[in-house]
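Since the structure comes first, as structure tokens, the remarks are kept for the end.
Just so you know, these numbers use all the heavy atoms, side chains as well, and skip hydrogens, waters and symmetry mates. Residue numbering restarts at 1 for every chain, and letters A, B, ... go by the order of the sequence lines.
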Amino acid sequence: MSASREHVLNAVRASIRQSGKPTLSPEQLTERLERPRPGLVPQRGQLDLAGRLDLFESWAKALSATLVRLDDLAHVPRAVADYLRQENLPAQVRLAPTPEIEGLDWQSQSLVEIARGRAQIDDTTSVTPAFAGIAETGTLMMLSGPQTPTTLNFVPENHIVVLKASQVVGSYEEALAHLRQVHGQGRMPRTVNYITGPSRTADIEQTIQLGAHGPRRLHILLVKDSADA
Amino acid sequence: MESTAHAFKDNVTTALHDANLQQALGKVRQGFIVKRREAADRLPEFEALRDQARDIKNHTLAHLDFYLEAYEKKVTEQGGQVHWAATAEEARDKIVDICRAADAKVVTKGKSMIAEEIALNAHLEEAGLDVVETDLGEYIIQLRHEPPSHIIAPAVHVTKKQVEADFRQYHADLPPERHLDEPWELVNEARQVLRQRYFQADVGITGANFLVAETGSSIIVTNEGNGDLTQILPKVHIVITSIEKVVPNLDDAMAILRVLARSATGQEFSTYTTLSTGPKRAEDLDGPEAYHVILLDNGRSGMLGGDFADMLRCIRCGACINHCPVYHAVGGHAYGWVYPGPMGSVLTPNLIGVEEAGHLPNASTFCGRCESVCPMRIPLPKMMRHWREREFERHLSPKAVRWGLSLWAFFARRPRLYGWATGMAMSLMAAVGRKNGFFERLPLAGGWTDHRAFPTPQGRTFRAQWAARQRQGEEPS
């Protein structure tokens, strides 16, 4: 297909030349590419921590997720068991194989059956860590990796996400800056998921129905992890 | 897909008399418009974000060759492959080759307008593959053997009752006495049926809303989560996309995403926005082992730098369609090809020729609503006017139109005669129609009076009234 490559690129170049518009030099373009700068960030994406947490919570709930705040990561297993009971769901969860989640005291909830690893077709509920929460639209940011398989975000009917208060940023751009810090400029995990509420469709007569193909329920455990959060 | 754009007039007649379609279109006229307005009003920076989105795309398109090469380099670095395709045929052949090499039997698909553009399903089926559309709307129209009628709501023309009938016919192994009256029952049934298919699939095909040069990522935006299940479960992920989808940085993509969902469905953000970069990493527990991007031109490079270059900014949100009075009346199928509404009226003649699709740019009242809501500020009415001019210059307009225009031009060049003739016509119509206040029939105006009454003119032309008020020194109100 390299003939097609040259064909397409040459056609693009010919059209750009024909337009006669001034163009930037390759050096200027490389500079723009390698030094990303945020553009216009809405006011609502620029709040202090308390403001961010409140805005995140209100959007997440408005967009049909549920959310509870916890004072300590150690309370997660209990909160998960409570949620399963309250929603009348099977007492089984699949945990993301990350020490932060796996390492919690799940023994304390002896009635809940625990599995680990990537999702299987009949899994009912998953528990996964978030990479960030984005306040401006109540959006979760999830990264794929050996300890965070993407299938856990989509296959089970119920998705429980553990989000630490210190991970809640104001805007998409802030979350990207954080991603670049962790993974390096221009490098990415295989999959980055931005998740805003549970799965939905309006394909039947424009009526919104939750639980189209992804999770029917999205439950967020927002955990306090520093003095000011 | 096979175009019927040349038969636009017949398509319209059929659409106007289709009771199911007219019922379904009622929902479009209401929902989308209010929701978009509310979403825009909730974000004070919305108008400034539209300007920014336009500028980002203009910058990218002015340096498209640079950004495409940068994008390709990044995809390759991360272990993916980019396949360039100048034509639809090349794109289809490449996809079939990849499926064959993977020894694929079942192929799942996320919603992709480029796949519709290149008629991918028919081609894959010919190659012996079992193709499964997974977006609920696309699944419904696949069962019905119909093309999509809207770029973000492909089955918007289908009523709930029709979906129920289709599901009863095609899901024959499910108990016939089951309830399927409510939308949630239909959604659940589709969920159950498709769940197995995701896990059977050997290849998953998705489109892309954006390609990011900085990282070599492709981005999809969905609400159902079907696109994600399509691309993470099979061993091969193919992205079918086109050259104008590239943006420089992740920040640019997020900046445009801020106006996409708000313009499309009035959502703050779509439920799922997913960035995919290369195949799964060695230590990952899931994800595809191979990642291919098919980069299609199909006439787009020719639009660059010309009268229609602005159209390449389009992000396929569907706002112009949702706000178009012509679309509201006739639906998407009447347009005869993949892209309906104002964006289709501009794009289709570019992609399949003005000879075939010359009627479409005429399907506009030039009310300007499309341009006023376009998040990328594409001057759609202006470009439809370009097509009309070209159609006229190339003598493609029908005889009646050319004859009518010549007649009008004859009078327009003779203002006194024009004033006299229109004045006569107005007085005559006023005298004849005064009793009823409207005409149920008018010679040469059946296109109007077949569907609604024509109000009786007051008796004086606009120009005569204007002149009279000017003489009285009154400000025309």
Side-chain angles (χ1 to χ4, degrees), chain A residues 1 4-5 7-9 11-13 15-16 18-19 21 23-24 26 29 32-33 36-40 42-43 59 63 117-118 121 137 139 144-146 149-151 154-155 172-173 176 186 188 190-207 209 211-214, chain B residues 27 31 43 45 48-49 52 62-66 70 83-86 90 136-137 153 155 160 163 183-184 186-187 191 194 199 213-215 217 223-226 228-229 232 248-251 254-255 268-269 271-278 280-281 283-287 297 301-302 304-305:
Chain A
M1 277 244 183
S4 302
R5 180 183 190 278
H7 182 86
V8 173
L9 280 170
V12 166
R13 287 182 188 120
S15 287
I16 290 175
Q18 203 186 1
S19 76
K21 285 186 190 141
T23 52
L24 301 178
L29 295 171
R32 189 192 191 287
L33 208 50
R37 289 185 195 90
L40 171 61
Q43 225 38 80
W59 274 124
L63 300 172
R118 59 167 288 171
I121 190 166
T137 47
T139 299
S144 66
T150 304
T151 42
F154 292 96
V155 174
Y172 308 131
E173 286 80 354
L176 287 177
M188 296 284 279
R190 151 64 202 175
T191 305
V192 178
N193 296 120
Y194 293 92
I195 300 179
T196 313
S199 157
R200 68 196 63 205
T201 183
D203 276 344
I204 310 281
E205 295 198 343
Q206 304 299 295
T207 324
Q209 301 294 322
H213 294 283
Chain B
K27 308 259 177 185
L43 193 64
E45 296 88 350
L49 288 165
Q52 176 179 263
H63 308 93
L64 189 58
D65 53 333
F66 175 88
H83 311 273
W84 301 68
E90 282 180 26
L136 179 56
K160 190 176 67 180
V163 179
W184 67 266
L186 296 164
V187 172
R191 181 185 173 106
L194 287 168
F199 280 84
E214 176 192 356
T215 55
S217 309
N223 281 313
E224 299 185 359
N226 64 304
D228 289 281
L229 290 165
I232 49 175
N249 294 108
L250 291 169
D251 302 71
M254 298 315 291
E268 287 296 308
F269 211 47
T271 305
Y272 302 113
T273 297
T274 298
L275 282 60
S276 303
T277 316
K280 76 186 267 282
R281 310 296 184 252
E283 326 77 55
D284 284 354
L285 302 182
D286 54 20
D297 181 343
S301 58
L304 208 57

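- Interface check for chain A: of the options B/G225, B/G287, B/P183, the most heavy-atom pairs under 4.5 Å are formed by B/P183.
- Residue B/Y272 touches chain A through both its backbone and its side chain, counting heavy-atom pairs closer than 4.5 Å.
- Interatomic distance, A/I204 CD1 to B/L186 CG, rounded to the nearest 0.5 Å: 5.0 Å.
- Neither the backbone nor the side chain of A/Q18 has a heavy atom closer than 4.5 Å to any heavy atom of chain B.
- Proximity of A/P42 to B/L43: side-chain heavy atoms (C-beta onward) are separated by under 4.5 Å at one or more points.
- Note on B/T271, B/T277, B/T215: by heavy-atom pairs under 4.5 Å with chain A, the leading option is B/T271.
- Between chain B and the options A/V12, A/L9, A/L40, A/L29, heavy-atom pairs under 4.5 Å are most frequent for A/L29.
- Side-chain contact between B/N223 and A/T201: absent, with no pair of heavy atoms (C-beta onward) separated by less than 4.5 Å.
- Both the backbone and the side chain of B/L136 come within less than 4.5 Å of a heavy atom of chain A.
- Contact annotation: the side chain of A/R37 never approaches that of B/D251 to less than 4.5 Å [non-hydrogen atoms, C-beta and beyond].
- With rounding to the nearest 0.5 Å, the separation of CD1 in B/I232 from OG1 in A/T151 is 5.5 Å.
- B/N249 is listed as a side-chain neighbour of A/R32, based on a closest heavy-atom distance under 4.5 Å.
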For this session: Show the numbers, then the answer: is there a side chain to side chain contact (heavy atoms under 4.5 Å, CB included) between A/D203 and B/E224?
Result: CA-CA 10 Å; A/D203 276 344; B/E224 299 185 359; 3.1 Å; yes
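- By number of non-hydrogen pairs under 4.5 angstrom with chain A, the leading residue of B/D228, B/N226, B/L49, B/D297 is B/D228.
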For this session: Give the C-alpha distance, both sets of side-chain angles, the deciding distance and a yes or no for salt bridge (Lys or Arg N to Asp or Glu O under 4.0 Å) between B/D284 and A/R190.
Result: CA-CA 9 Å; B/D284 284 354; A/R190 151 64 202 175; over 6 Å; no
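- For A/T139, the part sitting under 4.5 Å from any heavy atom of chain B is the side chain, from C-beta outward, and nothing else.
- When each of A/N193, A/L63, A/L33 is scored by its heavy-atom pairs under 4.5 Å with chain B, the top score falls to A/L33.
- In this pair, B/F269 and A/Y194 present their aromatic rings perpendicular. The plane angle is above 60°, beyond the 30 to 60° band.
- Heavy-atom distances place the side chain of B/Q52, and not its backbone, under 4.5 Å from chain A.
- Counting only distance, with no hydrogens or angles, the side chain of B/H63 and the backbone of A/L24 share a donor-acceptor pair below 3.5 Å.
- Defined by atom type and a distance below 3.5 Å, a donor-acceptor pair is present between the side-chain atoms of B/E90 and A/S4.
- With contacts defined as side-chain heavy-atom distances shorter than 4.5 Å, the pair B/E45/A/Q43 qualifies.
- Taking A/G117, A/G211, A/G197, A/S144 one by one and counting their heavy-atom pairs under 4.5 Å with chain B, the maximum is reached by A/G211.
- Closest approach of A/G214 to B/R191, counting heavy atoms only: O-NH1, 2.6 Å.
- Using a 4.5 Å heavy-atom cutoff, the side chains of B/L250 and A/Y172 are not in contact.
- The candidate with the highest count of non-hydrogen atom pairs below 4.5 Å against chain B, out of A/P38, A/S19, A/S15, A/P198, is A/S15.
- Counting heavy atoms from C-beta outward, A/I16 and B/L304 have side chains that approach closer than 4.5 Å.
- With a 4.5 angstrom heavy-atom cutoff, A/L176 touches chain B only via side-chain atoms.
- Heavy-atom minimum distance, A/P36 versus B/E214: CG-OE2, 3.8 Å.
- When all heavy atoms are compared, the tightest approach of A/H7 to B/A86 is CD2-CB, 3.6 Å.
- The part of B/L194 that comes within reach of chain A is its side chain, from C-beta onward, which places non-hydrogen atoms under 4.5 angstrom from that chain.
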For this session: Starting from the C-alpha separation in whole Å, work towards a yes-or-no answer on side chain to side chain contact (heavy atoms under 4.5 Å, CB included) for A/T196 and B/E268.
Result: CA-CA 9 Å; A/T196 313; B/E268 287 296 308; 5.9 Å; no
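- Note: B/R281 leads B/K280, B/E283, B/R281 in heavy-atom pairs under 4.5 Å with chain A.
- Interface remark: B/S276 contributes backbone and side-chain atoms alike to the contact with chain A (heavy atom separation under 4.5 Å).
- A heavy-atom distance below 4.5 Å is not found between the side chains of A/T191 and B/L275.
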